[in-house]
Amino acid sequence: MQDIEKSEIKTVSEALLKAGFEACLVGGCVRDILLGREPKDWDITTNAKPEEIQKIFPDSVYENNFGTVGVKTDSDDPKLKIIEITTYRLEGKYTDKRHPDEIKFANTVEEDLARRDFTVNSMALRMSLDRPFELIDPFGGIQDLTGKTIKAVGNPEDRFQEDALRMMRAVRFMAQLDFKIEEKTEAAIRKHVGLLEFISHERIRDEFSKTIMTSDAEGGVEKMQELGILKYVVPELVEGVGVSQNQHHIFTVFEHNLKSLDYAAKKNFSLEIRLAALLHDIGKPKSKRGEGPDATFYGHQVVGARIAARVLDRMHFSKEITEKVILLIREHMFVYDPETVTDAGARRLLRRVGTENIEDLFMLREADRIGSGVPKAQPYRLRHLKFRIEKVSKDPISAKMIKVDGADIMRELNIPPGPRIGWILAILLEEVLDDPATNKKEYLTNRIGALGLLKDDQLAEMAKFAKKSAGEAQTRVEEEIKKKYYV
Ligand code: ATP
Ligand code: MG
């Protein structure tokens, strides 16, 4: 309550009250205040119509078609910079199972509460100029807060048929608040889960992201699977259910994906790392060869990266998020055995992954390792590689950092622009990666002269080999390690 007394919430509410309208805090913020949690955002509802709200607050915008007006304040708190005021509304008819067909304003806050999803989200605090705030709880929200229960307002089957996303919201709040889902509400989810097919990918993505950003991300995804929701969100993950691994794993593919996510959540890692942790072995069901203790999953990271790209693209995640997650998944098998990794190997890893992603890749590997339930590699090995990476990160790793460029090649060989320039640069880059000491102008100029003697097809072949060998050198050691550990 302290918060409200001090903040812009109070000023804004008082302005509504003084103009003769009602003002109620509603939804998530009331729930969070009663739970002693910090509200994520503040929602005010009123019987004033959008035009009337705008008259009271000249510095406001009518933001959408749902009766919400955003009032600008000069608060430093980002959550209070724009305060959203929404006119009391009735539940609209949902012929498309997503959007109310029309929006109808209501006269009382009680009517507005009746259209909300769960009892704990359907309480209001009525503000007043001269009396203490009054809690309005027509659906037993307080009781369900105490009993830690997510329960639909009214008939759960009707409510999920109106808007199927509410089924995912039930699971999200369960994970976020550490609640359970009430029996009838859960039964209605099982019955109507197929309606998720009508929900837009964007809404599903947002609710899914919120679920995996909770501290009980694992419990959330597990519940999605138990209730049949996951099949409509990431069916590719469901393929890992019951797929055993080999003598080096105690968990099935699905369990291991979840345990890795759990670690990422407990460590408060970013959305990208959590997504990568959850999806990192998504290629295993398709790459499994053999059964029992000797089963193998060669190349699962490449297959997995491709599957993850499809999953994230389908859910309309941004290009940045998608690219980062695929890169992390594709590279998650990197070798970090100090006896095997050379400086050149570390340099190649850094070049493939990029300095901006290397820390995240280590975090993913940590989640993978702990999520296996039988962490085999010692953390000191990972530290050793980190140290190596740091050491080599000052060495040349991109074409830009080589001491000669395309212009030098053209001048030295007296040739016009063309594919030969690119081929020679690729060969030199590979040589410099192998031995940074060769990155000297004079030495490289000599090499240009020598390479200039080769015919087009020879040069092209060498360049192709140079480009591939960065990947292959890594693959060769990986093969050896794989044989040793059956990963
Ligand atoms: P948080 O902000 O912590 O994610 P929240 O409860 O505020 O939780 P929002 O998604 O911000 O969740 O929604 C605000 C309120 O609007 C909810 O508390 C609920 O009362 C209502 N609400 C939101 N989405 C729906 C929906 N799909 N169906 C019915 N009511 C909804
Ligand atoms: Mg909210």
Side-chain angles (χ1 to χ4, degrees), residues 218 221-222 225 230-231 233-264 275-314 322 325-337 339-341 345 348-349 352-353 361 364-378 381-382 385 467-487:
E218 180 192 20
V221 180
E222 214 164 30
Q225 165 59 7
L230 195 58
K231 195 170 73 195
V233 180
V234 194
E236 294 85 349
L237 263 179
V238 182
E239 280 177 39
V241 174
V243 175
S244 64
Q245 301 198 59
N246 55 34
Q247 57 191 302
H248 299 281
H249 297 266
I250 55 172
F251 295 129
T252 63
V253 171
F254 183 69
E255 288 165 342
H256 169 58
N257 279 329
L258 286 195
K259 296 280 175 219
S260 306
L261 169 64
D262 184 45
Y263 182 81
L275 283 168
L278 178 64
L279 303 176
H280 79 282
D281 275 353
I282 205 166
K284 275 193 168 174
K286 289 223 157 32
S287 2
K288 184 169 177 178
R289 299 289 174 266
E291 260 311 324
D294 293 332
T296 61
F297 301 92
Y298 296 156
H300 74 271
Q301 68 276 32
V302 180
V303 178
R306 220 177 294 138
I307 298 175
R310 214 167 55 217
V311 170
L312 299 172
D313 197 46
R314 187 176 64 222
T322 304
V325 175
I326 327 182
L327 175 82
L328 294 176
I329 294 178
R330 197 182 57 226
E331 300 296 340
H332 84 268
M333 295 296 293
F334 65 87
V335 175
Y336 58 87
D337 190 339
E339 294 95 73
T340 328
V341 182
R348 289 191 179 96
L349 176 65
R352 283 202 313 276
V353 175
L361 185 65
L364 171 62
R365 188 59 173 266
E366 204 176 303
D368 181 8
R369 193 171 67 82
I370 306 292
S372 74
V374 278
K376 47 187 183 255
Q378 307 303 311
R381 295 181 161 183
L382 208 53
L385 179 59
K467 278 186 193 152
K468 259 174 66 190
S469 74
E472 269 174 8
Q474 174 79 2
T475 315
R476 271 195 305 278
V477 265
E478 269 176 23
E479 288 303 327
E480 283 161 33
I481 302 257
K482 274 195 253 172
K483 285 197 191 98
K484 228 160 80 192
Y485 297 108
Y486 296 92
V487 284

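- Residue Q245 holds its CD atom at 11.5 Å from OG1 of T296, rounded to the nearest 0.5 Å.
- Considering only residues two or more places apart in sequence or on other chains, H256 meets the ring-ring contact (aromatic ring centres under 6.0 Å, His included) condition with H280.
- Contact between E239 and V243 at its shortest, heavy atoms only, is O-CG2, 3.3 Å.
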Does the side-chain contact (heavy atoms from CB on, under 4.5 Å) test come out yes or no for V221 and L230, once each step is laid out?
CA-CA 7 Å; V221 180; L230 195 58; 4.1 Å; yes

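- Here S244 pairs with K288 under the side-chain hydrogen bond (donor to acceptor under 3.5 Å, both in side chains) rule; sequence neighbours left out.
- Nearest heavy-atom pair, S372 versus I250, reported as atom, atom and distance to 0.1 Å: O-CG1, 3.7 Å.
- Looking at L237 and I282, their side chains come closer than 4.5 Å, going by heavy atoms from C-beta outward.
- By the salt bridge (Lys or Arg N to Asp or Glu O under 4.0 Å) test, D262 pairs with K266, sequence neighbours left out.
- Taking every heavy atom of both residues into account, A277 and A367 meet most closely at CB-CB, 4.4 Å.
- To the nearest 0.5 Å, atoms CZ (R330) and CZ (R352) are separated by 8.5 Å.
- For K231, there are no side-chain hydrogen bond (donor to acceptor under 3.5 Å, both in side chains) partners two or more places apart in sequence or in a different chain.
- The side-chain hydrogen bond (donor to acceptor under 3.5 Å, both in side chains) test applied to Q225 returns no partner, not counting sequence neighbours.
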Derivation and outcome, side-chain contact (heavy atoms from CB on, under 4.5 Å), residues F297 and N246:
CA-CA 9 Å; F297 301 92; N246 55 34; 4.1 Å; yes

Apply side-chain contact (heavy atoms from CB on, under 4.5 Å) to residues M333 and H300 and explain how you reach the verdict.
CA-CA 9 Å; M333 295 296 293; H300 74 271; 3.6 Å; yes

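- Of all heavy-atom pairs spanning I326 and T322, the tightest one is CG1-O, 2.7 Å.
- L327 is listed as a side-chain neighbour of V353, based on a closest heavy-atom distance under 4.5 Å.
- Taking both residues in full, the closest heavy atoms of F251 and G373 are given as CE1-CA, 3.6 Å, listed atom of the first, atom of the second, then distance.
- Here the closest non-hydrogen pair linking P285 and G240 is CG-CA, 3.8 Å.
- Using a 4.5 Å heavy-atom cutoff, the side chains of L349 and L361 are in contact.
- Both the sub-6.0 Å distance and the 45° axial angle are satisfied by R365 relative to the ring of F334.
- Within the 4.5 Å cutoff, no side-chain heavy atoms of E236 are placed close to those of L279.
- Scanning for side chain to side chain contact (heavy atoms under 4.5 Å, CB included) contacts around V302 gives R306, with sequence neighbours left out.
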For E218 and K259, run side-chain contact (heavy atoms from CB on, under 4.5 Å): C-alpha distance rounded to whole Å, both residues' side-chain angles, the deciding distance at 0.1 Å, then the answer.
CA-CA 7 Å; E218 180 192 20; K259 296 280 175 219; 3.1 Å; yes

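- The closest side-chain heavy-atom distance from V238 to V234 is not below 4.5 Å.
- To the nearest 0.5 Å, the span separating NE2 on H332 from CG on D281 amounts to 4.5 Å.
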